[in-house]
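Report on one structure; see the data block that follows.
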Amino acid sequence: MKILLVEDEVLIALEQQLYLETVGHDVVGPAVTATEAVAVATADKPDLALVDVHLGMGSNGIDAARQLTAMGVPCLFITSFRDELKKGGPLTGIGCLPKPFTQSGLLAAVDAARAILAGETPRNVPQTMELFV
């Protein structure tokens, strides 16, 4: 899968990229603002975006996810701020994996998202992951 990282913390983005590329995913980004996420998605047409809630320059990952979803890019939240997802109306996205995450947890969450997008029943969903669909 081609995966867009929407994450303003460089070390976390690098960790995600390493884990994802190790198993063959193509990673684009990281985008550090909602505006940058939309620009990268427009240029690179990712299959999935991993989105943090708090982004750089006061930007909001929930807004980014709404814009990405409207463009046809499904989103999976990777965040420490899970409660904020429920404040702004209907949830946008496939689900949420809370930080901190493990390599196996991140890869299992991405695989669950892939299964959902393919119309399959996800297997091996991390216990900490909340599905919205």
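The analysis underlying the following values was restricted to heavy atoms, covering all of them including side chains, and did not include hydrogens, waters or symmetry mates. Every value quoted in this text rests on a predicted model; they were computed, and no experiment measured them.
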For a 4.5 angstrom cut-off between non-hydrogen side-chain atoms, does [X] reach [Y]?
| X | Y | answer |
| --- | --- | --- |
| Asp47 | Leu117 | no |
| Met129 | Leu76 | yes |
| Ile12 | Phe101 | yes |
| Leu85 | Phe132 | yes |

[atom1] of [X] to [atom2] of [Y]: how many Å apart, nearest 0.5 Å?
| X | Y | atom1 | atom2 | value |
| --- | --- | --- | --- | --- |
| Leu20 | Gln103 | CG | CD | 9.0 Å |
| Arg114 | Glu120 | CZ | CD | 4.5 Å |
| Asn60 | Thr33 | CG | OG1 | 11.5 Å |
| Thr42 | Leu68 | OG1 | CG | 8.5 Å |
| Thr35 | Met57 | OG1 | CE | 8.5 Å |
| Ile94 | Ile116 | CD1 | CD1 | 6.0 Å |

Q | Verdict with reasoning, Val110 to Ile3, per side-chain contact (heavy atoms from CB on, under 4.5 Å) | A | CA-CA 9 Å; Val110 168; Ile3 301 174; 3.8 Å; yes
(Q) Using a 3.5 Å distance criterion without hydrogens, assess whether the side chain of Asp44 forms a donor-acceptor pair with backbone atoms of Pro46. (A)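 No.
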Q) Quick check: does any side chain N or O of Glu7 sit under 3.5 Å from a backbone N or O of Glu9, one acting as donor and the other as acceptor? A)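 Answer holds: yes.
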Could you pull out the closest heavy-atom pair between [X] and [Y], with the gap in Å?
| X | Y | value |
| --- | --- | --- |
| Ala64 | Leu55 | CB-CD1, 4.4 Å |
| Ser80 | Lys99 | OG-CB, 3.3 Å |
| Ala113 | Leu48 | CB-CD2, 4.1 Å |
| Leu5 | Ala13 | CD1-O, 3.5 Å |
| Gly61 | Val51 | O-CG1, 3.4 Å |

Q.
Applying the side-chain contact (heavy atoms from CB on, under 4.5 Å) criterion to Asp52, which one of Val32, Ile78, Val6, Asp8 satisfies it?
A.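 That would be Asp8.
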Q: Could you walk me through whether Leu106 and Leu50 pass side-chain contact (heavy atoms from CB on, under 4.5 Å), step by step?
A: CA-CA 10 Å; Leu106 179 68; Leu50 304 184; 4.1 Å; yes
Q. For Ile62 and Thr92, what are the C-alpha separation, side-chain angles and deciding distance, and is it a side-chain contact (heavy atoms from CB on, under 4.5 Å)?
A. CA-CA 8 Å; Ile62 297 169; Thr92 298; 5.9 Å; no
Q. When the ring planes of His54 and Phe81 are compared, do they come out parallel, tilted or perpendicular, using 30° and 60° as the limits?
A.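 If you compare the ring of His54 with that of Phe81, the planes turn out parallel.
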Q: Tell me whether Leu14 is reachable from Val28 by hopping between hydrophobic residues (I, L, V, M, F, W, Y) whose side-chain heavy atoms are closer than 4.5 Å.
A: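 Per the 4.5 Å side-chain linkage, Val28 and Leu14 are not co-clustered.
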Q. Should Ser104 and Thr102 be marked as a side chain to side chain donor-acceptor pair (under 3.5 Å) after you check the CA-CA gap, both sets of side-chain angles, and the distance that decides it?
A. CA-CA 5 Å; Ser104 61; Thr102 62; 3.3 Å; yes
